[in-house]
Amino acid sequence: MNFALTTEWLQRLVVEVASRGHGYGATDLGHREPVQVEFGSINPTGPMHIGHGRGVVLGDSISRVLEFTSHQVQREYYVNDQNTQARRFGASVWARMHGEEPPEGGYAGAYVTELAEMAKADLGDVDSLPRDEAEAKVREYAIAVMVYRIRASVARLNVRYDEWFPESRLWQDGLPQLAINRLRDAGFLKERDGALWFGPALEEEDGLGEQVRSEKDDRVVIRSNGEPTYFASDLGYLLSRFERRGFNRVIEVWAADHHGYVARLKSAAAALGINADQLVIIIHQMVNLKEGKMSKRAGRFVELDELVDKVGSDAVRYFYLLRSPDTTIEFDLELALTQSSENPVYYAQYAHARLSNVEATANERHPKLPEPANVSLLIHPWELDVARQLAYWPEVVEDATRLLEPHRIPYYVHDLATAVHRFYHAGNETGEHRVVVDDPELTRARLELCRAARHTLKTALDLIGVTAPDRM
RNA sequence: GCCCCGCUAGCUCAGUGGAUAGAGCAUCUGCCUUCUAAGCAGAGGGUCGGGGGUUCGAAUCCCUCGCGGGGCACCA
């Protein structure tokens, strides 16, 4: 695409964008494709920290972009409510309720003790039950509280979910069992050392299958003690989504520490008869603290809530989305706090607020303006530059959709805001270049440009979940 | 050992074959009696980690080496 954008073409674009409003840039790219975006699904055994925030913001923005381009999106959080970690968590709370130390590999944070106190108050007679049942009740209770808190944390970041899907529902519906039977019939499972293993299958086509395949690539589905692994649940989860719920595509957002599982899950999907290309796994790199690795056990992590408290949702979202998922973030909390007032998000929001203010001023000064706008009066370079930026927007949306890369949007927002600030500033230099002037026709033409730019700014900010204030 | 990500201005990062490689921050110089200065204009700052290759053309594609981060469980 390399064509000169003529003045006349740009002027017509301004009219079109101003009239389409917030729909400008939306396309039918998705053709109503049913897509699930699953993101942020951490074990509900502790609070979200700033690393989780990155995945949550990324998944939410991908969902927003897909919705904007006519995909039928369902946003899901997969709640691990009965895996090993959940059991350890429940056992830890149970231990604290009885004045004991958490078991080996358990959870030791202060919030565990707090949960134990809450459980004692809310589950009064739990100790009259047999130990197994009591612990299960405590686990259920503790998980429910953590999920509640996670919901609150992500809501503060302007993140929405449609479904909180519990792992236990898969087993109730018999899906992992169904998947295991299917894989067994197809010859993908084998028993060894008393456990049931899944062997790789994807390599068959490349002619290297026999060389690549080895026992160490196998993955346990059912442990030798008869307990299923998370992998067994994931097999059922694939059937749940691709077959029971009929999603054409499933997009998962994972942190880089899980990347090794990508090939395994894809080969499992293929073995189940699902087209592995329809399972899209987006890996984002880690968020590390400048002081060192985050670690729950060492008590060295920053809670997401704390960051949102101090910096605000808009700044947090913009900060995360300004980076490609492939970049590791070294997080400096102190710097984030001191620089919060000069966060680049305000540059964009300020442009929006200025436009809103100008439009309000125009309405006061000129209660009646001519219709329609005579956009041939938009001739200055700073005016046409705004229009030129507007012309780029649909392509940005398309790239962000096709590549599932929302980070392209804040960069566009910045460029559009720059054009807007220059346009506005021209009126500071010389009064006659203001939007609101004595001539109603000229005012009306420039107002048209303001509306087009403001709508597009608002649309773009919406897609990254950042608010567009009318006043700052 | 194997797998994934990164290496671009002093710092943090954009840029998936096409013009003289860009932005923010930092540094320096100007601009508020005005529709909002959380803004605008300008300056300095680059062997795009090294080396090969493909191409009319490479930060971008291929190979290789180096450095940094992450991962290779009957945890998830």
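Residue numbers start from 1 in every chain, and the chains themselves are labelled A, B, ... in the order their sequence lines are given, proteins ahead of strands. If you're wondering where the values come from, they're calculated on a predicted model, not measured in any experiment.
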- Query: When rounded to the nearest Å, what value does the distance between C1' atoms of B:rG18 and B:rA59 take?
  - Reply: 13 Å
- Does the side chain to side chain donor-acceptor pair (under 3.5 Å) test come out yes or no for A:D326 and A:Q285, once each step is laid out? CA-CA 6 Å; A:D326 291 337; A:Q285 297 302 309; 5.0 Å; no
- A:R264 side chain N/O closer than 4.0 Å to the phosphate oxygens (OP1, OP2) of B:rC72? no
- Determine if the base of B:rC32 is syn or anti; take syn to mean the glycosidic torsion is within 90° of 0. syn
- Task: Would you sketch RNA chain B in dot-bracket for me? Only Watson-Crick or G-U wobble pairs with both distances under 3.5 Å count, crossing pairs as [ ], other-strand pairs as |, the rest as dots.
- Result: (((((((..((((....[...)))).(((((.......))))).....(((((..]....))))))))))))....
- Task: Ignoring hydrogens and angles, tell me if any N or O in the side chain of A:H380 forms a donor-acceptor pair with the backbone of A:W382 under 3.5 Å.
- Result: no
- Task: Measure the distance from CE on A:M472 to C1' on B:rA37 and round it to the nearest whole Å.
- Result: 13 Å
- Query: For B:rC40, does either OP1 or OP2 sit under 4.0 Å from a side-chain N or O belonging to A:Y347?
  - Reply: yes
- Query: Just checking A:G427: base, sugar-phosphate only, or nothing, at a heavy-atom cut-off of under 4.0 Å?
  - Reply: base
- Whole-Å distance, A:H407 NE2 to B:rA23 P, equals 17 Å
- Note on the structure: When rounded to whole Å, the CD to P distance for the pair A:E227 and B:rA76 reads 11 Å
- Note on the structure: 5'-most contact on RNA chain B (nearest-nucleotide basis), A:R408 vs A:Q285, goes to A:Q285
- Item | Pairwise C1' distance, B:rC56 and B:rA9 [rounded to whole Å] | 30 Å
- Side-chain donor or acceptor of A:R249 paired with backbone N/O of A:V280 under 3.5 Å: no
- Message: Check this for me, if you would: do A:E163 and A:R75 make a salt bridge, where the nitrogen-to-carboxylate-oxygen distance has to be below 4.0 angstrom?
- Response: no
- Task: Give a yes/no answer on whether the side chain of A:R354 brings an N or O atom under 4.0 Å of OP1 or OP2 in B:rA37.
- Result: yes
- Measure up the A:F89 and A:Y107 rings against each other and bin them: parallel (under 30°), tilted (30 to 60°), perpendicular (over 60°). perpendicular
- State whether the distance check finds a donor on one side and an acceptor on the other, under 3.5 Å, for side chain A:S224 versus base B:rC74. yes
- Message: Does a side-chain N or O of A:T327 approach OP1 or OP2 of B:rA14 to a distance below 4.0 Å, or not?
- Response: yes
- Note on the structure: To the nearest angstrom, the CZ-P distance between A:F198 and B:rA73 comes to 17 Å
- Task: Please measure how far the P atom in B:rU27 lies from the corresponding atom in B:rG17, and state the result in whole Å.
- Result: 37 Å
- Message: For a quick check of understanding: with a heavy-atom distance under 4.0 Å over all strands, which category does A:A195 fall into, base, sugar-phosphate or nothing?
- Response: base
- Contact class for A:R365 vs. all strands (heavy atom < 4.0 Å): base, sugar-phosphate, or nothing? nothing
- Query: Without hydrogens or angle criteria, can the side chains of A:E76 and A:Q36 be said to hold a donor-acceptor pair below 3.5 Å?
  - Reply: yes
- Item | Distance between P atoms of B:rG22 and B:rC48 (Å, rounded) | 14 Å
- Is there a donor N/O on one and an acceptor N/O on the other, under 3.5 Å, for the side chain of A:H259 and the base of B:rG70? yes
- With a 3.5 Å cut-off and just heavy-atom distances, do the side chain of A:R323 and the base of B:rU12 make a donor-acceptor pair? no
- Short side-chain N/O contact from A:T84 to OP1 or OP2 of B:rA76, under 4.0 Å: yes
- By nearest-heavy-atom nucleotide on RNA chain B, the more 5' of A:D470 and A:E429 is A:E429
- Task: Scan side-chain atoms only and decide if A:E330 and A:N288 contain a donor-acceptor pair under the 3.5 Å cut-off.
- Result: no
- Note on the structure: In whole angstroms, the gap separating C1' of B:rG69 from CZ of A:R54 amounts to 12 Å
- Side-chain N,O (A:H284) to OP1/OP2 (B:rG70) below 4.0 Å: no
- Query: Base, sugar-phosphate, or nothing: which does A:N343 touch, judged by heavy atoms less than 4.0 Å apart?
  - Reply: nothing
- Message: B:rC74, OP1 or OP2 - any side-chain N/O from A:R223 closer than 4.0 Å?
- Response: no
- Taking atom C1' in both B:rA41 and B:rU8, compute the distance separating them and give it to the nearest angstrom. 27 Å
- Query: Reckon A:H258 touches a base, only the sugar-phosphate, or nothing at all at heavy-atom distances under 4.0 Å?
  - Reply: base
- Item | Nucleotide B:rG15, atom C1' - distance to CG of A:D326 in whole Å | 13 Å
- Message: Tell me whether the side-chain N or O atoms of A:Y350 pair up with the base of B:rA38 as donor and acceptor below 3.5 Å, since no angle test is needed here.
- Response: no
- Report yes if a side-chain nitrogen or oxygen of A:N428 is closer than 4.0 Å to either non-bridging phosphate oxygen (OP1 or OP2) of B:rA37; otherwise report no. yes
- Message: Any carboxylate oxygen within less than 4.0 angstrom of a Lys/Arg side-chain nitrogen, looking at A:R96 and A:E101?
- Response: yes
- Message: Expressed as a whole number of angstroms, how long is the span from A:L322:CG to B:rC25:P?
- Response: 12 Å
- Task: Quote, to the nearest angstrom, the P distance that separates B:rC40 from B:rC61.
- Result: 33 Å
- Query: Taking the P atom of each, how far is B:rA58 from B:rC62, in whole Å?
  - Reply: 16 Å
- Message: So, under a plain 3.5 Å distance rule, would you say the side chain of A:H414 forms a donor-acceptor pair with the base of B:rA23?
- Response: no
- Message: What's the closest nucleotide to the side chain of A:V435 if the choices are B:rC74, B:rC35, B:rA76?
- Response: B:rC35
Please output the side-chain donor-acceptor pairs of residues 138-151 of chain A that fall under 3.5 Å, not counting sequence neighbours, one pair per line with the distance.
from, atom 1, to, atom 2, distance (Å)
A:Y141, OH, A:M118, O, 3.4
A:Y141, OH, A:D122, OD2, 2.5
A:R149, NH2, A:E114, OE2, 2.8

- Query: Given atom OH of A:Y412 and atom P of B:rG15, what is their separation to the nearest angstrom?
  - Reply: 17 Å
- Query: For A:V57, does its backbone N or O pair with a side-chain atom of A:S61 as donor and acceptor, under 3.5 Å?
  - Reply: yes
- Message: For the C1' atoms, the ones on B:rC63 and on B:rG69, what distance do you get once it is rounded to whole angstrom?
- Response: 24 Å
